[in-house]
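Shown next, in structure tokens, is the structure this report addresses.
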Amino acid sequence: MRWTKTYIPTFKENPKGCEVKSHILSIRAGLMSPLFSGVNIYLPLGWKILLKIVSIIREEMERIGAQELLLPSLSPSSLWEETGRWKEYGKDMFKFKDRKGGDMCLAPTHEEIITEIARNGIKSYRDLPQIWFQIQTKFRDEPRPRGGMLRAREFIMKDSYSLDTDEKSFEKSYSLHRTAYQNIFKRCSLDFVIVTASSGLMGGSLSEEFMVFSKTGEDAIVICENCGYKANRDIAVSNTNDSADRCPKCGEKLKIKNAIEIGHIFRLGEKYSRAMGAFFLNTNGDREPIIMGSYGIGVERIMACVIETKSDNNGIIWPPSIAPYKFLIIPLNVRNTETRKLSEKIYKEILAQKYEVLIDDRDETPGTKFKDADLIGIPFQIVIGEKGLDKGVVELVKRDGKKKWEIDKERAVSEILQIS
RNA sequence: CGGAGCGUAGCGCAGUUUGGUAGCGCACAGCGUUCGGGACGCUGGGGUCGUGGGUUCGAAUCCCACCGCUCCGACCA
């Protein structure tokens with residue numbers, strides 16, 4: 001892709017009012033733009049990154065045998081009345097009436113719809129287990145949206161649901177998800193911890209959250225360095241009778257750190273299947289409720305967490321797995337014939353090798369190009385300028401750590417591909 | 001929902017105290033000079049000063065109401 005043909009609006013100055021690093025950098029790097037409170041526009045560069053994250057999620061979900069489907073965002077009130085969540089969700093749900101006066105909502109999550117499918121279609125133990133997932137937009141009218149992508153009112157979620165015959169089978173589905181989640185976050189270069197948490201409005205017994213430590217995180221995590229106990233502080237408080245200083249397992253003093261929740265896995269048990277009548281026939285021909293689990297990942301939050309934890313003073317540093325491009329070619333002066341010709345040659349050769357490459361073919365000064373390059377954080381910068389050309393070299397610079405190689409301009413592409 | 005701050009060109013801001021021609025920097029367009037860490041000169045375009053009402057000869061500025069955004073808290077996957 002050529003910079004002059006794409007839309008990457010970068011900004012020198014911090015956007016007004018923004019204080020969270022990922023919020024500031026995602027706007028400055030031209031990834032996204034706020035539309036109104038809690039609702040974001042994803043621009044081409046940002047969407048490219050989100051699609052990379054989505055494809056990692058999809059691969060890992062398919063690896064555990066999950067099947068992708070797509071559920072509607074519009075939902076009738078009747079399903080939510082059955083489980084009591086029409087009232088429980090209250091104002092957090094976007095509710096409205098259709099032209100006939102029927103109550104509806106924009107779904108904040110999809111347990112009710114999944115259970116609706118299950119009660120209509122799952123008849124026998126032979127139909128189970130099932131794992132269904134989707135990557136789709138969720139709507140929650142949050143009382144206070146925060147930090148751009150950290151807490152939005154409209155956001156993309158990977159949500160999945162497991163349907164099993166019994167606890168033993170369920171535990172397998174649950175642990176498959178646990179593994180898949182660990183793989184997904186590792187592949188996105190996130191350092192995370194798994195903590196026990198409260199399941200809130202989802203219901204069911206204790207759940208587990210996947211957390212990334214960050215000063216801007218809204219959740220507080222307690223950690224026991226002695227026995228390894230980790231939990232959301234809400235849970236720790238209830239386990240130790242209002243005091244969260246001491247580990248409920250070994251009594252040692254607990255550390256408290258802020259974190260961002262990127263994933264949450266829930267043991268729903270029979271809550272939804274009983275409320276909505278999702279039963280199957282067991283081997284004896286008896287009716288039993290389906291045992292359910294639900295599992296969520298905030299897609300934009302992964303992007304935000306990577307920015308929070310991987311950026312430096314100059315901008316974002318994308319891990320190659322989710323970088324929008326692998327290479328950024330920087331011809332320092334496009335009016336210099338040799339610079340331009342060599343840049344174009346290298347660009348075309350890398351493209352021919354099927355790598356994703358962006359060339360900064362703008363007629364801008366070197367300073368501007370270096371600043372923008374660091375800001376948008378492409379893993380490898382290929383710098384082509386007159387100084388290097390006089391020595392017969394181009395430079396390969398790794399965005400992470402700024403490691404630099406001088407490479408013979410005649411053999412540039414093959415050497416670059418070898419090093420990177 | 002409680003507390004605080006903010007709203008003036010695409011972005012960042014000054015001007016508001018003390019009412020009197022709408023300003024600056026960046027960005028944008030044209031021309032020229034530049035080209036290894038956000039270059040320079042000249043020229044140019046771009047504004048319902050958040051919205052509505054009020055006071056006044058005259059309101060970005062004073063008064064009232066409303067709306068929006070950000071942050072802290074409450075709440076919450």
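The sequence lines fix the lettering, A, B, ..., with proteins before strands; numbering per chain opens at 1. Note that the coordinates shown come from a computational prediction; the quantities given were computed from them, not determined experimentally.
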### Task
Would you classify A/Lys16 as touching base, sugar-phosphate or nothing, given that sugar-phosphate means primed atoms plus P, OP1 and OP2, and contacts are heavy atoms under 4.0 Å?
sugar-phosphate
### Closest to the A/Val20 side chain, choosing from B/rC71, B/rG36, B/rG38
B/rC71
#### Entry: Complement of B/rA60, any strand, by Watson-Crick or G-U distances under 3.5 angstrom
none
### Message
So, does A/Arg144 get its side chain near the phosphate of B/rC72, meaning an N or O under 4.0 Å from OP1 or OP2?
### Response
yes
### Message
Under 3.5 Å, is there any donor-acceptor pair linking the side chain of A/Glu13 to the base of B/rG38?
### Response
no
### Task
Answer yes or no: are there more than 12 heavy-atom neighbours, outside A/Asp191 itself, under 6.0 Å from its atom CG?
no
### Query
For B/rU21, which nucleotide in any strand shown is its Watson-Crick or wobble partner with both distances under 3.5 Å?
none
### Query
Across all strands shown, which nucleotide pairs with B/rC35 by Watson-Crick or G-U wobble geometry, both distances under 3.5 Å?
none
### Task
Ignoring backbone atoms, test whether A/Thr365 places a side-chain nitrogen or oxygen under 4.0 Å from the OP1 or OP2 oxygen of B/rA39.
yes
### Message
Counting the atoms with a prime plus P, OP1 and OP2 as sugar-phosphate, which does A/Gly385 contact under 4.0 Å by heavy atoms, base, sugar-phosphate, or nothing?
### Response
base
### Message
Would the base of B/rG38 count as contacting A/Arg28 through its side chain, where contact means a donor and an acceptor less than 3.5 Å apart?
### Response
yes
### Query
What do you reckon, is CZ of A/Phe96 surrounded by more than 12 foreign heavy atoms closer than 6.0 Å?
yes
### Query
Under the 3.5 Å rule, do the base of B/rG36 and the side chain of A/Asn333 count as making a donor-acceptor pair?
no
### Query
Considering only the C1' atoms, how many Å lie between B/rA39 and B/rA27, rounded to the nearest integer?
15 Å
